[in-house]
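Scroll down for the structure; my scribbles are underneath it.
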Amino acid sequence: MNQTSPQPSALSQILGACPHDCPDTCSLLTTVQNGVAIKVQGNPAHPHTAGSLCTKVSRYTERTYHPERILQPLKRVGPKGAGRFETVSWDAALGDIAARLSAIAARDPQAILPYSYAGTMGLVQGESMAARFFNRLGTSHLERTICAAAGGEGLMQTLGGKVGMRVEFFAESKLILIWGSNSISSNLHFWRYATQAKRDGAKLICIDPRQSETAEKCHEHIALLPGTDGALALGLMHELIQNDWLDHDYLDRHTLSWEALKERALQWPPERAAAICGIAPEQIRDLAKDYGASASSRAPAAIRMNYGLQRVHGGGNAVRLIACLPALIGAWRHRAGGVLLSSSGAFPVQRAALQRPDLLAGRTPRTINMSTIGNDLLRPASPEFGPAIAALVVYNSNPVAIAPESAKVAQGFARDDLFTVVLEHFQTDTADYADYILPATTQLEHWDTHSAYGHTDALLNRPAIAPLGEAKPNTQIFRELAARMGLTEPCFADNDEALCRQAYGDAVDFAALLAQGFATLPTPDAPFAQGNFPTPSGKCEFFSQRLAAQGLDGLPDHVPNHEVAHSASAYPLAMISPPARNFLNSSFVNVKSLQTTEGEPLLEIHPIDAAARHIADGDTVRVFNDRGHYHCRARVSTRARAGVVNGLGVWWRKLGLNGTNVNQLTSQNLTDLGHGPTFYDCLVEVTVVPAGV
Ligand code: SF4
């Protein structure tokens, strides 16, 4: 394998890392011929990737060489949102951007807002040089909570961090609860371990409002109403207690406030929980029987949570309750028992070295939540808010498509007095509103270092090909902007390979990353078999003193949705918006082969709900609530449970049927913990759009 550098005339294979927002963080192997990437495949030497990628990233060359790639800087020439641009030189673009940002920063740097998320999960092309640049200027901070914050906070308050089982040991489990996850679509390499366990006799139970591809392949499916996972966990605890399916020794030695949690759980008999979850009480009793059997038989029981379930008002508490469960039955005693939501806490990322918060020099800029960008872009200056947002610099994100209540987001981006710069590969919905679009490199064209949230291997991404056209890595764009704005600190001169080395410092063997593309972190097989949780008490904390000190409930509880199912007669259907199988958030929507497979924006609706509205399969439907309306194609299917519709996302608005997407309907309400969004906490109604409209 030629690993030194891309050789223009030779056939070479370059090791990389998948940059997308997926727990699997695959190791990539890119074959390059005559300077052109001809194939991207999974690295067979990386145990988690095992040589296979998902369909989306298998098409990465199609995405990289897409005819619509932006390969030169573009300057807006039409009205905002119209998407009309002309090419300009880098010199002209950066000169004007530096001048405009400098003028705003001179008045108040907090009027500048960076907006970024997981368009790349790379530590270097994500928040390294960009963070240095914005810290040095003293711009507003962005609260980057749009995906995982509620669940992350739930884990933090219960287990002490984003920690849990090692994913490979799910293969040895005897009972696996797949809770809030369509693993086949969004955690494929975990599914490999789950199917191994299934072959070896494990029982698989899927808990998800949607009858997903994963639910179909499990032994049982519990199709609860969105936002009721906490109630289900409490009902399950009730049954474990009533039947004494408990590991008393583990509870005594390794948990905090068991008696208080027990008292709360005993208020949740299956009938009460089932009424809230919209399921039969027997389903809760049966689930408890299966889960409790593990306590007596010592057969390992494991829970794979994913982030869907925490995108509701009570998402943080729901994760807390589910994270408590393994301690009740002593599941942590086994390496194949426990729970996994995220493993990212295991990575010794040197964030201060990468992002240099010291460049703030004592300043404490305000923080703006990325999920409320719709409201905040429309807010005038005030003593409470500070200056109106005058400039946005967007990278690794497509907020006009992915942020909730997108009509307001688009309205904010359309402000004529807002200066917007977008670093992008394509002319997305957000790029349509930019004053400048700057061409960014893809993962095949730059260096990066990665952590993961579904396994515990650090990865390195080497550039496989030279940047296409005039594209530049994000790091280089911020380096050049810094230079033009007179920011002379030596840290702005660090090159990308140096940044890759700084990401882990001495904590990860960089030579191993260079040689094999990944380095496995030394993590124990059964991290909490003897307690040792990274909480203040060292125990699994059923009661969180830290939350109590904030005036919150120290014990976890079921927190109802902001928009509870059946609570509004005008909007009788609950809507969730899981990703369409061939898309990853709003990435890949414009990759022709994937878009063709996906077809059109779909709304899955149960036959009973469809019949009540005279909706036939394939009809164009109008999905609406007080926040707006969205047209898409109806798929009458039992993938949706009665009373819940599934609006598959996230299509670009301009590729939708009426120039909107499912986020036209979602709200800017936040979660109980972590200030996360509540995409799956949304009531709607659906009607047929008459033909010809
Ligand atoms: S999106 Fe996930 S499964 Fe697909 S290649 Fe990337 S890390 Fe692997």
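Values below: every heavy atom of this structure, side chains too, minus hydrogens, waters and symmetry copies. Order of listing sets the numbers, starting from 1, for every ligand and every atom in it.
In summary, no N, O or S atom of Cys18 is located under 2.8 Å from atom 4 (Fe) of ligand 1.
Using a 4.0 Å cut-off between heavy atoms, His189 contacts ligand 1 through its side chain alone, with no backbone atom that close.
Nearest protein heavy-atom contact of atom 4 (Fe) of ligand 1 is Cys54 SG, 2.2 Å. For atom 2 (Fe) of ligand 1, the nearest non-hydrogen atom of the protein is Cys22 SG, 2.3 Å. Given atom 8 (Fe) of ligand 1, the protein heavy atom at minimum distance is Cys26 SG, 2.3 Å. In this structure, the protein non-hydrogen atom closest to atom 5 (S) of ligand 1 is Val57 CB, 3.5 Å.
Listed by atom number, the atoms of ligand 1 under 4.0 Å from Leu584 heavy atoms are 1 (S).
The side-chain hydrogen bond (donor to acceptor under 3.5 Å, both in side chains) with Asp496 is formed by just one residue from the set Gln125, Arg501, His446; it is Gln125. Under the side-chain hydrogen bond (donor to acceptor under 3.5 Å, both in side chains) rule, Asn474 has a single partner from Asn396, Asp448, Thr120, which is Asn396.
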Item to check | Candidate pair Arg351 and Glu127, rule salt bridge (charged side-chain N to carboxylate O under 4.0 Å, His left out), full reasoning | outcome: CA-CA 9 Å; Arg351 285 210 162 72; Glu127 307 305 327; over 6 Å; no
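Using a 4.5 Å heavy-atom threshold, the side chains of Thr449 and Leu460 count as touching.
When ring centroids are compared, His455 and His46 come within the 6.0 Å threshold.
The aromatic rings of Phe347 and Tyr504 lie tilted to each other, with the angle between the two planes from 30° to 60°.
The shortest heavy-atom distance from Leu188 to ligand 1 is not under 4.0 Å.
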